[in-house]
Amino acid sequence: MQVAVIIFFNLQITITTDYSLTNYFSSCFIIFAAQKPGKMNIEFLIKSSVAAALKNLYGVDLKEESIQTQHTRKDFEGDITVVVFPFTRFSKRSPEQTAGDLGEYLILNVPDISKYNVLKGFLNLVISNSHWVSELNEAFEDPFYGTTKATKDSKLAMVEYSSPNTNKPLHLGHIRNNLLGYSISEILKANGNNVVKTNIVNDRGIHICKSMFAWMYEGKNETPENSGKKGDHLVGEYYVKFDRMYKAEVAALMGKGLTKEVAEQKAPSIIGAREMLRKWEQDDHEIRNLWETMNRWVYAGFDETYKKLGVDFDKIYYESETYKVGRDEVLRGLDEGIFEKQDDGSVWANLENEGLDRKILLRSDGTSVYMTQDIGTAKLRYEDYPIDKMVYVVGNEQNYHFQVLAILLDKLGYKWGKDLYHFSYGMVELPQGKMKSREGTVVDADDLIDEMVNVARKTSEELGKLDEYDDNEKEEIYRMIALGALKYFILKVDPKKTMMFNPEESIDFNGNTGPFIQYTYARIQSVLRKAKEQGIKWGNAQREVELREKEVELLKKIVVFPEVVTESGKLFSPALIANYCYELVKAYNQFYHDITILGETDEVIRNFRLVMTETTGKVIQLGFSLLGIECPERM
RNA sequence: GCUCUCUUAGCUCAAUUGGAUAGAGCAACGGCCUUCUAAGCCGUAGGUUGUGGGUUCGAGUCCCGCAGGGAGUACCA
């Protein structure tokens with residue numbers, strides 16, 4: 001039986017006036033996976049034994065959580081290290097002596113500890129091989145090793161990601177968002193949560209009106225069908241055309257002596273687009289039809305890109321369906337005196353008491369802004385689902401927006417308002433700096449994926465390992481490798497950090513890359529295939545098998561996988577999974593290089609190596625599935 | 001201006017959240033395929049963790065100052 005207890009820490013109650021980011025958005029979705037009864041995790045066992053030792057030796061009561069352990073560094077002998085500095089105040093002895101006391105106690109009381117040594121204030125414990133082997137057997141037997149299945153009663157997390165505007169195609173920035181959103185969802189699932197993946201499509205607003213305006217004036221009835229262009233790209237072209245038109249008009253007006261500010265308001269194209277937005281909100285037939293048509297083109301394009309990326313959604317919200325709910329909420333807030341109306345008719349929230357500025361909620365012409373619809377969307381979602389945790393995967397440029405959103409929802413009386421979690425990730429930069437559509441430096445998602453596939457094809461053909469496959473199978477493998485490279489490259493870096501994407505260097509398949517890890521997986525499958533061909537059968541390893549150093553290292557890497565899954569769930573970090581997979585694979589390749597598997601004549605040892613090989617493959621696949629990366633059987 | 005944030009090897013990133021001698025990959029140089037997939041393995045070289053102080057048994061990590069990047073502060077989304 002497997003039990004998972006999930007506890008939500010609500011960190012905001014203590015402070016009433018401080019609305020700083022840390023209070024709202026520090027990771028407050030903390031998961032505790034309970035130990036399986038009878039199968040005590042070794043670190044926990046050591047912690048409780050240390051606690052008992054401290055009580056016994058020095059008469060102090062310390063909780064297990066306050067005892068620090070870590071994996072012993074490679075340069076020292078041992079597997080698990082207890083940090084004893086904090087205990088010297090109780091022992092009134094030197095760190096070395098204290099560590100020695102504890103070591104003696106542990107070796108007498110914990111059978112799985114075979115040796116210990118002391119260095120300064122560090123007590124290094126050597127765990128017996130038989131313990132590691134029995135953990136390996138558990139991993140070997142469990143097809144979902146390291147993960148916890150959700151039940152009907154598990155907590156429900158809703159994860160919003162992607163959230164495109166419908167006026168232009170997806171680019172590199174969206175790719176990071178989509179990969180993070182998908183991966184975070186998988187990681188939360190693996191930690192025993194129910195997850196609803198959702199997408200809010202920003203299908204209405206001034207941006208799409210700009211594309212519509214340009215299409216009406218310059219479009220000549222161009223459609224995806226008659227032009228052969230992908231729908232989202234076509235609409236994006238008109239957005240760019242609008243921008244050019246607008247810039248030219250502003251320049252012309254400034255030439256006539258208007259100031260920049262006035263010219264920007266008086267340009268005919270922007271007035272036209274605004275008029276379209278106003279008509280749209282009034283349900284004008286002609287405008288609505290054009291809007292529907294152009295959005296339909298865009299969705300067809302997006303679907304293609306999502307499919308290529310391998311991401312999906314359980315529930316899609318459209319801003320056009322939620323903004324009214326938001327507007328009603330704002331008007332209710334106005335009635336209740338939470339918000340205020342300015343003379344020109346615009347509605348504002350005054351957040352000066354919270355240390356922030358005033359924020360507009362409705363324009364003077366009555367139309368909604370981004371914030372308005374986000375209020376409505378949030379309300380609808382909580383009506384539609386019994387959400388325990390709402391996660392927004394949105395770039396850190398919107399930190400302020402989400403800080404304000406949480407406060408507004410709180411002011412509107414929603415108790416969950418302050419529990420919204422903004423999973424704030426860093427921007428993607430190019431060697432030339434930020435991506436700018438006007439300067440043509442945007443890396444288009446479709447182009448990038450196609451380019452990655454081309455490189456994968458070329459590399460694979462040079463290596464010539466897939467020659468006996470037919471073309472369809474080959475293309476499928478090229479696709480897996482290309483996406484493996486792209487996804488791993490992006491997910492291996494800490495989501496919070498700004499990352500650099502160099503299109504040339506990112507298309508590398510050697511070293512710390514997705515294809516290297518996929519390659520190791522393929523290699524493992526090859527060994528297992530050969531074993532089967534030779535009629536070899538393998539099963540649970542014998543506990544008393546003799547182990548070589550590379551084997552122990554690999555073994556220890558395999559069995560920390562569950563810990564990594566838990567940690568990545570707590571920290572919302574696919575990067576932890578990615579970096580773990582790399583370390584695991586590195587350990588496997590060293591083992592593979594130095595030690596024969598099928599060539600081993602001692603059947604007990606050969607069996608152990610096969611169990612370890614198969615389990616490594618499984619863990620790679622499980623880990624990569626949390627990143628949304630597939631593993632080919634051959635490459 | 002104000003708020004937030006970042007700065008680790010030539011480049012791209014790690015560092016078990018305050019622990020031991022700061023690690024990988026790429027790039028450079030040298031070695032290993034008659035043996036389970038060389039998209040691999042091994043080695044050499046590369047660092048005053050931007051800078052100055054502070055906190056303590058211990059700081060890349062926490063606090064304060066300075067320098068330099070980035071983001072936000074819109075009737076944009």
Side-chain angles (χ1 to χ4, degrees), chain A residues 20-21 68-76 81 83 85-86 88-89 94-95 119-122 124 163 165 167 202 205-207 265 274 319 342 344-348 355-357 359-365 367 369-371 373-374 395-401 403 424 426-427 429 431 433-434 456 459-460 462-463 465 481 489 492-494 496-502 505-506 508-513 515-520 522-531 534 560 563-564 567 571 575-576 579 582-583 586 589-590 592-600 609 613 634-635:
Chain A
S20 71
L21 274 179
Q68 281 182 67
T69 61
Q70 51 188 296
H71 300 288
T72 306
R73 294 180 61 108
K74 251 190 181 164
D75 344 314
F76 304 99
T81 295
V83 183
F85 293 105
T88 51
R89 46 191 277 246
S94 74
L119 242 106
K120 297 196 217 167
F122 298 95
N124 299 322
S163 313
N165 293 346
N167 61 326
N202 298 309
I206 192 71
H207 52 91
Q265 299 306 316
R274 287 206 183 113
E319 186 182 326
Q342 212 167 271
D344 61 8
S346 54
V347 179
W348 296 76
L356 303 173
D357 274 336
K359 188 82 192 169
I360 190 156
L361 300 175
L362 288 175
R363 294 190 186 98
S364 51
D365 65 2
T367 58
V369 294
Y370 184 44
M371 188 61 80
Q373 69 86 12
D374 249 351
N396 62 15
E397 55 192 356
Q398 292 188 37
N399 286 352
Y400 183 73
H401 173 83
Q403 196 181 354
S424 166
M427 299 289 99
E429 284 183 3
K434 263 204 100 181
T459 309
S460 265
E462 278 166 13
L463 291 169
K465 294 181 186 179
I481 295 170
F489 186 87
K492 78 171 178 194
V493 342
D494 183 340
K496 290 194 288 290
K497 293 188 178 169
T498 305
M499 69 171 286
M500 171 64 67
F501 188 90
N502 185 331
E505 287 172 18
S506 314
D508 200 344
F509 294 174
N510 300 315
N512 187 359
T513 65
F516 165 51
I517 295 166
Q518 289 172 316
Y519 168 77
T520 307
R523 215 181 201 189
I524 284 171
Q525 300 318 307
S526 171
V527 174
L528 298 177
R529 272 195 304 272
K530 287 233 160 65
Q534 294 174 23
V560 293
E563 206 178 299
V564 175
E567 204 61 21
L571 299 178
L576 249 39
N579 289 320
Y582 177 65
E583 285 171 25
K586 198 108 179 93
N589 278 320
Q590 288 171 11
Y592 178 90
H593 182 266
D594 290 1
I595 299 173
T596 183
I597 301 164
L598 301 178
E600 175 58 49
R609 291 179 187 161
T613 294
R634 273 176 221 260
M635 66 183 275

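Letters go in sequence order (proteins before strands), and every chain restarts at 1.
Contact annotation: A:Y400 side-chain N/O to B:G72 OP1/OP2 distance is not under 4.0 Å. The side chain of A:N510 contributes an N or O atom lying less than 4.0 Å from OP1 or OP2 of B:G40. Note on A:K530: a side-chain N or O is less than 4.0 Å away from OP1 or OP2 of B:U37. Applying the 4.0 Å criterion to OP1 and OP2 of B:G23, one finds that A:K74 has every side-chain N and O outside that range. In this structure, A:K492 does not reach the B:U12 phosphate: none of its side-chain N or O atoms is under 4.0 Å from OP1 or OP2. Residue A:R363 places at least one side-chain N or O closer than 4.0 Å to OP1 or OP2 of B:A77.
Computed from coordinates, the A:N396 CG to B:U3 C1' distance equals 14 Å when rounded to whole Å. Across the protein-nucleic acid pair, A:K497 atom NZ and B:A15 atom C1' stand 9 Å apart, rounded to whole Å. Taking atom CG of residue A:L362 and atom P of nucleotide B:A77, one finds them 12 Å apart after rounding to whole Å. In this structure, CD of A:E583 is placed 9 Å from C1' of B:A24, rounded to the nearest angstrom. In this structure, A:H593 atom NE2 and B:A38 atom P are separated by 9 Å, rounded to whole Å. Atom pair A:Q518:CD and B:A39:C1' shows a separation of 10 Å (rounding to whole Å applied). Atom P of nucleotide B:C26 and atom CZ of A:F516 are separated by 9 Å, given to the nearest angstrom. Note: CD1 (A:I524) to C1' (B:A39) measures 14 Å, nearest angstrom.
The side chain of A:Y519 approaches B:G40 more closely than any other nucleotide in the set B:A24, B:G40, B:A74. Residue A:R529 has its side chain nearest to B:U37 when only B:A14, B:U37, B:A77 are considered. Which of B:U37, B:G70, B:A77 sits closest to the side chain of A:I206 comes down to B:A77. Candidate nucleotides B:A24, B:A74, B:A39 were compared by shortest atom distance to the side chain of A:K586, and B:A24 ranks first. Relative to the side chain of A:K434, the nucleotides B:A24, B:G70, B:C36 differ in distance, and B:G70 lies closest. The side chain of A:D508 has B:C26 as its nearest neighbour among B:C26, B:A38, B:C41. The side chain of A:V493 sits closest to B:C13 out of B:C13, B:A39, B:G40. Considering only side-chain atoms of A:F489, the nucleotide from B:U12, B:C36, B:A39 that sits closest is B:U12.
The glycosidic torsion of B:U48 lies more than 90° away from 0, placing the base in the anti range. Applying the 90° cutoff around 0 to the glycosidic angle, B:C33 is assigned syn.
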Canonical and wobble pairing (Watson-Crick, G-U, under 3.5 Å) of RNA chain B, dot-bracket with |: (((((((..((((.....[...)))).(((((.......))))).....(((((..]....))))))))))))....
All N/O contacts under 3.5 Å from nucleotides 61-63 of chain B to the protein, with atom names and distances to one decimal?
none

For nucleotides 16-20 of chain B, tabulate all protein N/O to nucleotide N/O atom pairs closer than 3.5 Å, reporting atom names and distance.
{"unit_1": "B:G19", "atom_1": "O2'", "unit_2": "A:Q70", "atom_2": "NE2", "d": "3.3"}
{"unit_1": "B:G19", "atom_1": "N7", "unit_2": "A:Q68", "atom_2": "OE1", "d": "3.1"}
{"unit_1": "B:A20", "atom_1": "OP2", "unit_2": "A:R73", "atom_2": "NH1", "d": "2.9"}
{"unit_1": "B:A20", "atom_1": "N6", "unit_2": "A:T81", "atom_2": "OG1", "d": "2.8"}
{"unit_1": "B:A20", "atom_1": "N6", "unit_2": "A:N124", "atom_2": "OD1", "d": "3.0"}
{"unit_1": "B:A20", "atom_1": "N1", "unit_2": "A:N124", "atom_2": "OD1", "d": "3.2"}
{"unit_1": "B:A20", "atom_1": "N1", "unit_2": "A:N124", "atom_2": "ND2", "d": "3.3"}

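Taking the ring centroids of A:F509 and A:Y519, they lie at or beyond the 6.0 Å cut-off. Between A:F122 and A:F76, the distance separating the two ring centers is not shorter than 6.0 angstrom.
Across B:A20 and B:U61, the matching C1' atoms stand 16 Å from one another, rounded to whole Å. Between the P atoms of B:A45 and B:A22, the separation comes to 15 Å (whole Å). Between the P atoms of B:G40 and B:C26, the separation comes to 7 Å (whole Å). Taking atom P on both B:C4 and B:C64, the two are 10 Å apart, rounded to the nearest angstrom. The P atoms of B:U44 and B:U8 are separated by 25 Å, rounded to the nearest whole Å. Distance check on atom C1': B:G68 versus B:U56 gives 30 Å, rounded to whole Å. Rounded to whole Å, the separation between the P atoms of B:G25 and B:U7 comes to 22 Å. Comparing B:A15 with B:G23, their P atoms sit 14 Å apart, to the nearest whole Å.
The two residues A:M635 and A:K465 come nearest to each other via the heavy atoms O-CD, 3.3 Å.
Every residue two or more places apart in sequence or in another chain that forms a side chain to side chain donor-acceptor pair (under 3.5 Å) with A:D365 is listed here: A:T367. Partners of A:H207 under the ring pair (Phe, Tyr, Trp, His ring centres under 6.0 Å) rule, at least two apart in sequence or in another chain, do not exist in this structure. For A:F516, the ring pair (Phe, Tyr, Trp, His ring centres under 6.0 Å) partners two or more places apart in sequence, or in a different chain, are A:Y582.
Taking the side chain as every heavy atom from C-beta outward, A:W348 and A:K359 never approach each other to under 4.5 Å.
Of the two residues near RNA chain B, A:M499 and A:R523, the one whose nearest nucleotide lies more 5' is A:M499. Positionally, the nearest nucleotide of RNA chain B for A:I481 lies more toward the 5' end than for the other of A:I481 and A:Q590.
A:I595 comes within 4.0 angstrom of a nucleotide base, judged by non-hydrogen atoms across all strands.
The base of B:A39 does not come close enough to the side chain of A:T520 for any donor and acceptor atom to sit less than 3.5 Å apart.
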